[in-house]
Enquirer: 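Okay, handing you the structure first.
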Amino acid sequence: MDPQALALNALGWVLGDEDRRMRLLALTGLTPGDLRERLGDPALLCAVLDFLCAHEPDLVAAAGALGVEPEDLAAARERLAA
């Protein structure tokens, strides 16, 4: 899967849960406006994947919901950062 598409799907998954969304915003310093304005920005997408990779329960849950392996999310992060 395209790393950008996977990261966007992961972002949608994160935003679908109020607690997770608030934790993402608090930990990354992003605002809802940042998310809207920078959706295609690889740095923003890396931040979302970093957020998931830093908390294994979320990483595993996101991977399951998206139909991929947790390693696929980590690999997408690496590809976006390159």
Enquirer: Are Val14 and Val60 joined in one hydrophobic group, where the rule is that I, L, V, M, F, W and Y side chains link up if heavy atoms are under 4.5 Å apart?
Expert: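 Not linked; separate clusters.
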
Enquirer: Look at the side chain of Asp72 and the backbone N and O of Glu69, then say whether any donor-acceptor pair between them is shorter than 3.5 Å.
Expert: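 A pair under 3.5 Å: yes.
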
Enquirer: Compare every heavy atom of Ala7 with every heavy atom of Val48, then report the nearest pair and how far apart it is.
Expert: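 Closest approach of Val48 to Ala7: CG1-O, 4.4 Å.
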
Enquirer: When you compare the side chain of Leu11 with that of Leu24, does any pair of heavy atoms fall below 4.5 Å?
Expert: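 Yes, their side chains come closer than 4.5 Å.
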
Enquirer: Any chance you could measure Cys53, atom SG, to Leu59, atom CG, to the nearest 0.5 Å?
Expert: 5.0 Å

Enquirer: Measuring from atom CZ of Arg38 to atom CG of Leu30, what distance do you get when rounded to the nearest 0.5 angstrom?
Expert: 6.0 Å

Enquirer: Flag the pair Leu44 / Glu37 as yes when at least one side-chain heavy-atom distance between them is below 4.5 Å, and no otherwise.
Expert: no

Enquirer: Would you call Leu25 and Thr31 a side-chain contact if the rule is heavy atoms closer than 4.5 Å?
Expert: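 Contact flag for Leu25/Thr31 side chains = no.
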
Enquirer: If you compare all heavy atoms of Phe51 against all heavy atoms of Arg20, which two are closest, and at what distance to 0.1 Å?
Expert: CZ-O, 3.7 Å

Enquirer: Does Glu56 have more than 12 heavy atoms from other residues, nucleotides or ligands lying within 6.0 Å of its CD?
Expert: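 No, CD of Glu56 has 12 or fewer neighbouring heavy atoms, counting only those of other groups under 6.0 Å.
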
Enquirer: What's the shortest heavy-atom distance between Ala10 and Leu73, and which atoms?
Expert: CB-CD2, 4.3 Å

Enquirer: Please tell me if the side chains of Asp58 and Arg23 come closer than 4.5 Å, counting only heavy atoms from C-beta onward.
Expert: yes

Enquirer: Where is the tightest heavy-atom contact between Ala81 and Cys46, given as atom of each residue plus distance?
Expert: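 Shortest heavy-atom contact: N-SG, 3.6 Å.
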
Enquirer: Report the distance from atom CG of Leu27 to atom CE of Met22, rounding to the nearest 0.5 Å.
Expert: 11.0 Å

Enquirer: Quick check for you: to the nearest 0.5 Å, what is the distance between Leu45 atom CG and Asn9 atom CG?
Expert: 10.5 Å

Enquirer: Within this structure, what is the CG-CZ distance for the pair Leu52 and Arg77, rounded to the nearest 0.5 Å?
Expert: 12.0 Å

